[in-house]
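In what follows, a structure is listed as structure tokens, so that the remarks can point back to it.
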Amino acid sequence: MRLPPTQAAVLEAASATEARTIERLAEELGEKPETVTGAAFALEEEGLLEVTERTVEGVSLTEEGEEYVERGLPEQRLYEAALELGADEEPVSMGEVIGRSGLEGNEVDIALSNYARKGYGEIDSGELSAVPGNEEDREADALALIEAGEPVTDEEVLDALARRELIDRRESTIRSATLTEAGVTALMEGVEESETVGQLTPEMLTGGEWRDVEFAAYNVEADAADVTGGKEHILRQTANRVKDVLVGMGFEEMEGPHADAEFWINDCLFMPQDHPARTHWDQFALSNPEEIDELPAELVERVKSAHLEGVGEDGDGYHSPWTEEVARGVDLRGHTTSLSMRYLSGEAVGELEPPQRYFSVEKVYRNDTLDPTHLLEFFQIEGWVMAEELSVRDLMGTFTEFYERFGITDLQFKPHYNPYTEPSFELFGHHPETGELIEIGNSGMFRPEVLEPLGVECDVMAWGLALERLLMLMYGFEDIRDVHGTLADLELLRETEVIR
Ligand code: PHE
């Protein structure tokens with residue numbers, strides 16, 4: 001039989017009639033106990049050794065304990081000095097005895113506090129007396145026994161030594177190995193050392209050495225170290241996945257400013273200028289710059305007219321004031337539908353001929369109250385499709401296809417109202433942990449009051465979906481703050497499986 005060197009050595013050092021401790025085998029072989037333990041377990045697995053375990057209370061000397069074994073306990077040394085100075089006859093000044101003993105620093109305190117306790121003598125008004133015949137010290141004897149590896153049974157003494165921190169008492173496991181019958185047979189038939197190799201090298205391959213070596217087996221059950229290296233945040237990872245999916249569905253990506261004119265954020269979307277969502281209760285206004293100077297003049301006129309008079313034969317406007325000044329005000333975008341307006345109007349990449357599909361996965365900002373499902377900023381998955389004939393079925397079909405890619409197959413649609421779409425739908429999905437229906441997006445078909453001023457003559461279906469809500473459905477966390485900001489759940493971020 002061929003065995004790796006340590007295993008072969010351990011097998012040979014083990015006995016069939018006597019259980020030998022790992023410690024002893026290690027000492028005999030000049031190996032570390034851990035190495036011998038590993039080899040013994042490997043041999044046990046092969047059926048060649050039997051390894052038994054028992055727990056014992058182990059006692060070992062602390063560094064201080066070891067020092068006292070060598071030099072005597074401080075109180076013993078004080079006692080000896082006292083005897084030398086005749087303190088058994090007549091009390092001697094403490095200073096003199098201490099000087100004689102050679103005790104230093106806190107050894108003096110230790111000596112004095114144990115001296116009377118152990119009946120070595122009395123300490124009284126700066127003088128020390130000694131009781132003769134006290135050369136024996138149970139604590140010192142016990143320390144010597146422990147040093148020699150002999151058992152100490154006097155619990156009282158052990159407790160005293162532990163209190164003085166001269167010994168460590170702890171449970172330890174003692175493992176012993178005995179040869180099994182198969183082990184004996186293997187030894188009789190002859191055990192040879194094989195060379196085990198942990199890693200295959202290019203040299204072994206080119207030299208042909210790999211043919212003769214024995215490879216060390218992997219212990220796949222061994223505990224591995226936790227590696228918490230950096231990795232892509234699940235939100236970023238999912239944003240990238242969403243982009244890949246949309247590109248795969250034939251969409252192109254939009255980009256544009258985070259801080260933009262209200263014109264693009266609200267006016268183009270037929271949001272009346274006195275709409276409650278346009279107050280600072282909902283949106284963040286910039287003070288620098290406060291306004292955007294340049295807006296496309298013709299488009300401004302058409303948008304203004306839509307607001308004041310409406311579009312089409314039966315069109316009707318809002319009958320409320322509309323000023324370009326308000327439209328030029330700069331806000332952090334509360335949705336990325338501002339980008340859709342820039343693209344649909346031709347402002348971003350020029351006139352677009354149907355069919356077209358565009359998307360963005362970008363940040364938006366809202367003056368919300370922070371709670372488990374709301375942050376002041378989040379990522380919106382914006383998108384729109386422009387084509388000659390579109391219906392709500394196209395919209396629903398697109399969502400079904402999109403969410404299926406993320407394992408979400410139980411979408412629900414609820415009729416909704418947006419100033420800029422008709423009809424409009426909110427999207428809901430079930431939270432995988434709580435079963436609750438949560439809103440994951442908003443959508444609809446842009447109405448003529450939006451499209452006509454933009455110069456778009458066909459149908460456009462559009463949406464804004466919340467990336468963080470999608471993430472909730474995918475990973476099952478319940479608080480959006482688990483993934484963002486100071487309350488982020490690092491455990492969740494570390495342990496969430498990377499999905500590609
Ligand atoms: N802007 C809407 C929101 O933020 C989403 C949306 C975009 C709805 C386009 C309809 C059309 O909720």
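Start at 1 and go down the list; that is how both ligands and their atoms are numbered. This is a predicted model, so every value here is computed, not measured.
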First locate atom CG of L390, then atom OG1 of T398, and finally report the distance between them rounded to the nearest 0.5 Å.
-> 8.5 Å
is_close_aromatic(Y343, Y358), centroid dist under 6.0 Å | yes
For the residue pair P423 and V392, what are the closest heavy atoms and their distance?
-> CG-CG2, 3.6 Å
What is the minimum heavy-atom distance between I174 and T21, and which atoms define it?
-> CG2-CG2, 3.9 Å
Anything with a heavy atom under 4.0 Å from ligand 1 counts, so go ahead and list those protein residues by chain and number.
-> H335, T337, R366, Q380, E382, N418, Y420, T421, N442, S443, G444, A462, W463, G464
Heavy-atom distance under 4.5 Å between the side chains of L467 and L470, does that happen here?
-> yes
Taking the side chain from R333 and the backbone from G256, do they hold a donor-acceptor pair closer than 3.5 Å?
-> yes
